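Single-structure report; data block below.
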Amino acid sequence: MQSSSGEIESDQSSRLCSPESSSSGWRAGIEVELKHLNGRTLMGRTRHYGPLRIQRPFWPEGKDLTHLYILHPPGGLVAGDELVQRFSVRKGARGLVTTPAAGKVYFNGNGQLQKQTTHITVSDSASMEWLPQETILFDGAITELDTRIELTGNALYAGWDIICLGRTASGEKFTRGQLTQHLSLTRDSKPLYLERLSFDAESELPNSLLGLHNHTVFGTVLITLENPPDLSSLHNQLVDKGWHQVTAITWRAGVFIVRYLGDSSEQARTIFTWIWETERERFNGRTGCRPRIWNT
């Protein structure tokens, strides 16, 4: 449906098929389409179930690129909860999606999985920037985080994820619980980046030199670029900023990859934001434009 202003209205009456919520946990999902129309990026059909929504779109950089904020009023996942997020960026559209606050996975008292699935498809001549705030795993959480990005043709993608084990600011450690994490980036069905992490808090992985080496925060940035970044210059800047000991950078198969391993989600966000702003002009020809919701 098209409004008098020319924007495509979201179809809130259409719902994704979902299992009924029960005492075993809540199910919530959202499906968002971004379309290019007359030089503008607009929301097409937007369907949802459960407590998961998209705030109205914003265009702080001009009408050809829309900023969207995912709203999840419960603020986190308890045992048995499942969130499903699907984004389809159509040809010529440009989107940036973020969250207003950190995601939380709470203590799990009955062993039922806490799961979040994110599926992003980006069509030829389109771009997607996926910039959620960190996910905090409370002690005792049992969770699966599955993120799949599928690109077509010359589609562009820039995104990150940050995981915080335990509420370190409150002195809580992640001594019990499990995390299974899948991250995949493909172009025309060919893999560009595949990662799988199976983590048990009571295993040797948290302390091992080949694992987390007693660190509590880790994350990854993936940015598709036509030409490789200047890794030497970026490394020197990381050294100058004192970030080189917690950050690794590389370039593989047309993807700029940045890894963080440290003990501060705030530091991880700061480094990832700096990387994104530094490379954004080469990514989509724009300077950095931080979402306003980050300032609240």
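Being a predicted model, the structure only gives us computed values, none of them experimental.
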Which atoms form the tightest heavy-atom contact between [X] and [Y], and what is the distance?
X	Y	value
Gly140	Phe107	CA-CD1, 3.9 Å
Ile249	His235	CD1-N, 3.9 Å
Thr224	Leu156	OG1-CA, 3.5 Å
Pro100	Leu71	CG-CD2, 4.0 Å
Glu134	Ser265	OE2-OG, 3.6 Å
Lys115	Leu77	O-CD1, 3.8 Å

To the nearest 0.5 Å, what is the distance between [atom1] on [X] and [atom2] on [Y]?
X	Y	atom1	atom2	result
Trp59	Leu65	CH2	CG	11.0 Å
Gln116	Leu52	CD	CG	8.5 Å
Gln178	Leu137	CD	CG	11.0 Å
Thr278	Ile271	OG1	CD1	11.5 Å
Leu96	Cys289	CG	SG	8.0 Å
Ile257	Leu185	CD1	CG	9.0 Å

Within the side chain of [X], is there an N or O that forms a donor-acceptor pair under 3.5 Å with the backbone of [Y]?
X	Y	result
Ser264	Gln267	yes
Ser208	Glu204	no
Asn236	Asp240	no
Asp188	Gly153	yes
Asp263	Thr216	yes
Asp81	Val78	yes

Could you check if a side-chain atom of [X] sits within less than 4.5 angstrom of a side-chain atom of [Y], using non-hydrogen atoms only?
X	Y	value
Leu222	Tyr157	yes
Arg269	Gln133	yes
Thr98	Ile293	yes
Phe174	Phe199	yes
Glu277	Thr273	yes
Thr121	Leu151	no
Thr247	Val258	yes

Under 6.0 Å between ring centres: does that hold for Phe138 and Tyr106? yes
Side-chain donor-acceptor pairs of residues 158-166 under 3.5 Å, sequence neighbours excluded:
from   : atom 1 : to     : atom 2 : distance (Å)
Trp160 : NE1    : Pro132 : O      : 2.7
Asp161 : OD1    : Gln181 : NE2    : 3.2

Can His36 and Arg90 be counted as having a side-chain donor-acceptor contact under 3.5 angstrom? no
Any side-chain donor-acceptor pair under 3.5 Å between Gln85 and Thr118? yes
Residue pairs fulfilling salt bridge (charged side-chain N to carboxylate O under 4.0 Å, His left out) with at least one residue in residues 166-182, sequence neighbours excluded: Asp139-Arg176, Arg167-Glu172
So for atom CG, which belongs to Asn38, do other residues, nucleotides or ligands contribute more than 12 heavy atoms lying within a distance under 6.0 Å? no
Tell me whether [X] is salt-bridged to [Y], with the criterion being a basic N under 4.0 Å from an acidic carboxylate O.
X	Y	result
Arg47	Glu31	yes
Glu279	Arg282	yes
Arg286	Glu61	yes

Evaluate the criterion side-chain hydrogen bond (donor to acceptor under 3.5 Å, both in side chains) for residue pair Arg196 and His182; output intermediate values, then yes/no. CA-CA 5 Å; Arg196 176 183 171 88; His182 309 268; 3.1 Å; yes
Taking side chain to side chain donor-acceptor pair (under 3.5 Å) as the test, write out the residues that go with Trp276, two or more places apart. Glu129
Who are the side chain to side chain donor-acceptor pair (under 3.5 Å) partners of His213, not counting sequence neighbours? none
Cluster question for you: counting only ILVMFWY and a side-chain heavy-atom cut-off of under 4.5 Å, with indirect links fine, are [X] and [Y] together?
X	Y	value
Leu192	Ile223	no
Val89	Ile54	yes
Leu131	Met128	no
Ile275	Leu231	yes
Val255	Leu234	no

All N/O donor-acceptor pairs, side-chain side in residues 141-149, below 3.5 Å, sequence neighbours left out:
from   : atom 1 : to     : atom 2 : distance (Å)
Thr143 : OG1    : Gln114 : O      : 2.8
Arg148 : NH1    : Glu150 : OE2    : 2.9

Arg259 and Thr220: CA distance, side-chain angles, deciding distance, side-chain hydrogen bond (donor to acceptor under 3.5 Å, both in side chains) verdict: CA-CA 5 Å; Arg259 306 297 299 269; Thr220 304; 2.9 Å; yes
If you apply the rule side chain to side chain contact (heavy atoms under 4.5 Å, CB included), what do you find for Trp294 with Arg292, and how did you get there? CA-CA 5 Å; Trp294 290 359; Arg292 289 184 296 176; over 6 Å; no
If a pair satisfies ring-ring contact (aromatic ring centres under 6.0 Å, His included) and one of its residues is in residues 250-271, list it, with sequence neighbours excluded. none
